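Atom set for the values below is all heavy atoms of this structure, side chains included, hydrogens, waters and symmetry mates excluded. Both ligands and their constituent atoms are indexed starting at 1 by order of listing. These figures come from a predicted structure and were not determined experimentally.
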Amino acid sequence: MVNPFPSVLWALYGLDPEDFQIHQPGSGNINQTFVLQHITKTNGGFVLQQINQQVFKQPEIIVSNIRLAKEYLQKNHPGYLFIAPLPNLNEEDFTLVEDEYWRLLPFVPHTKAFEVLTEPVQAYEAAKQFGKLSRLLAGIPLEKFKASIPRFHDLEWRKQQFDEAWGQAPAVLREQAKEAIEMAKTYAHILQQFKVIEPTLPLRIMHHDTKISNVLLDEQTFKGVCVIDLDTLMPGYFISDLGDMMRTYLCAVDENEPDFKKVRIREDFFKATLEGYLSEMADVLTEQEKELLLFSGKYIVYMQALRFLTDFLQGSMYYPTQYAHQNLDRALNQFRLVEELFQKEKKLEALFQK
Ligand code: GN1
Ligand code: MG
């Protein structure tokens with residue numbers, strides 16, 4: 001790709017555009033991500049990201065949350081690979097150019113980010129990486145952290161957003177989304193259950209976007225290397241992280257699959273995900289939290305279904321689409337996964353009680 005960045009940006013990072021080949025890996029929905037591959041240094045390079053300020057209205061909160069975590073980890077767990085932004089020549093973690101926020105991150109060679117998993121060991125390793133981050137951050141004081149997106153994983157708020165979108169949507173969209181709207185009602189009891197559970201859940205620093213493409217595995221051995229995309233590292237509940245793993249590790253297809261028959265839970269991937277996560281978190285989670293392992297999946301997958309459906313009813317302004325009703329298909333895909341979690345509940349429970 002031809003150099004799309006302003007020269008002042010290169011200058012502030014002390015980099016020469018002539019030294020790099022630029023390409024866009026492109027699976028993220030929100031930020032723009034570019035890989036700068038060094039032309040002569042094999043495996044050398046950086047990742048450059050432009051922050052979406054429609055979504056992250058106060059990028060400085062991301063900066064300060066990541067910095068708090070980075071300093072804590074450097075002090076208490078030196079050696080842990082934490083992919084924080086690299087400072088620019090003014091020692092800032094972000095670079096502001098014409099009101100746009102940019103950040104430069106290290107490129108981690110010999111690793112791969114997956115969209116779907118093909119082997120249970122990958123699920124184990126990925127879940128272990130996110131569990132490890134939570135375990136290492138378990139003792140960090142929370143007071144100075146802020147929400148980079150307020151109420152991001154608050155199902156009550158997501159449900160309200162959906163109800164409002166439904167109320168305001170054009171009749172034609174409501175008609176198209178009839179089946180999905182029914183599903184939203186069918187599973188609304190997940191929200192009722194959450195309201196009962198919430199007071200028992202401790203606040204922890206969570207990643208909040210543990211989808212499979214946000215962890216890097218060794219490209220040869222599939223050993224977990226590190227997690228990436230720390231924009232939503234902020235106080236929350238463990239169900240956010242474990243739930244989003246279930247959402248993206250268990251099926252052989254992802255949220256974009258329009259053939260919903262293919263949305264099926266692979267039991268061995270479920271088992272591996274829990275084992276990987278608990279290999280780090282078993283001593284951190286409370287007994288009450290451990291009662292909610294399966295609930296985490298229902299909670300997050302249902303919320304993601306509502307989010308896609310809400311966006312569809314509002315004209316798909318949030319999640320980029322490749323065709324007109326893609327967000328409706330994504331919602332139906334995710335509702336199908338919620339259905340699977342309920343249908344296979346007994347089987348899945350038996351797997352982790354062993
Ligand atoms: C968004 O930007 P990306 O692809 O990492 C979204 C997540 C959703 C995900 C669904 C800030 O993540 O919450 O789970 O899409 N991030 C934000 O693919 O809304
Ligand atoms: Mg993200």
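At under 3.5 Å, not a single nitrogen or oxygen of N31, backbone or side chain, sits near a nitrogen or oxygen of ligand 1. Ligand 1 has no nitrogen or oxygen under 3.5 angstrom from a nitrogen or oxygen of V55. For D244, no nitrogen or oxygen atom sits less than 3.5 Å from a nitrogen or oxygen atom of ligand 1, counting backbone and side chain alike. The distance criterion of under 3.5 Å between nitrogen or oxygen atoms is not met by T232 with respect to ligand 1.
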Using residues 188-203 as the side-chain source, report each donor-acceptor pair under 3.5 Å to any protein atom, sequence neighbours left out, with the distance given to one decimal.
from: K195; atom 1: NZ; to: E156; atom 2: OE2; distance (Å): 3.4
from: E198; atom 1: OE2; to: Y237; atom 2: OH; distance (Å): 2.7
from: T200; atom 1: OG1; to: I197; atom 2: O; distance (Å): 2.7

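Each of the following atoms of ligand 1 lies closer than 4.0 Å to a heavy atom of D229: 5 (O). Remark: ligand 1 atoms within the under-4.0 Å shell around heavy atoms of Y318 are 11 (C), 17 (C), 19 (O). Near Y319, meaning under 4.0 Å from any of its heavy atoms, are these atoms of ligand 1: 15 (O). Interface atoms of ligand 1 facing I149, defined by a heavy-atom separation under 4.0 Å, are 11 (C). Ligand 1 places these atoms under 4.0 Å from at least one heavy atom of G28: 4 (O). The atoms of ligand 1 that sit less than 4.0 Å from any heavy atom of F152 are 11 (C), 13 (O), 17 (C), 19 (O).
Around CE of M317, the count of heavy atoms belonging to other residues, nucleotides or ligands within 6.0 Å does not exceed 12.
With L9 as reference, V97 is the one residue of N88, V97, L104, L96 to meet the side chain to side chain contact (heavy atoms under 4.5 Å, CB included) rule.
Remark: among candidates Q334, K211, R247, the nearest residue to atom 3 (P) of ligand 1 is K211, based on non-hydrogen atoms.
For residues 291-303, the side-chain hydrogen bond (donor to acceptor under 3.5 Å, both in side chains) pairs, not counting sequence neighbours, are K298-E345.
Only side-chain heavy atoms of D209 come within less than 4.0 Å of ligand 1; its backbone N, CA, C and O stay farther off.
Salt bridge absent: E71 and K75 never bring a charged side-chain N and a carboxylate O closer than 4.0 Å.
Residue contacts with ligand 1: N52 is excluded, as none of its non-hydrogen atoms falls under 4.0 Å. Not close to ligand 1: H208, with no non-hydrogen atom less than 4.0 angstrom away.
Aromatic ring orientation, F238 versus Y277: parallel (interplanar angle below 30°, classes split at 30° and 60°). The aromatic rings of W102 and F34 sit tilted, their planes meeting at an angle between 30° and 60°.
Of the N and O atoms on the side chains of Y323 and D329, at least one donor lies less than 3.5 Å from an acceptor on the other residue.
Under a hydrophobic-cluster definition in which Ile, Leu, Val, Met, Phe, Trp and Tyr are linked whenever side-chain heavy atoms come within less than 4.5 Å, directly or via other members, Y72 and V284 are assigned to the same cluster.
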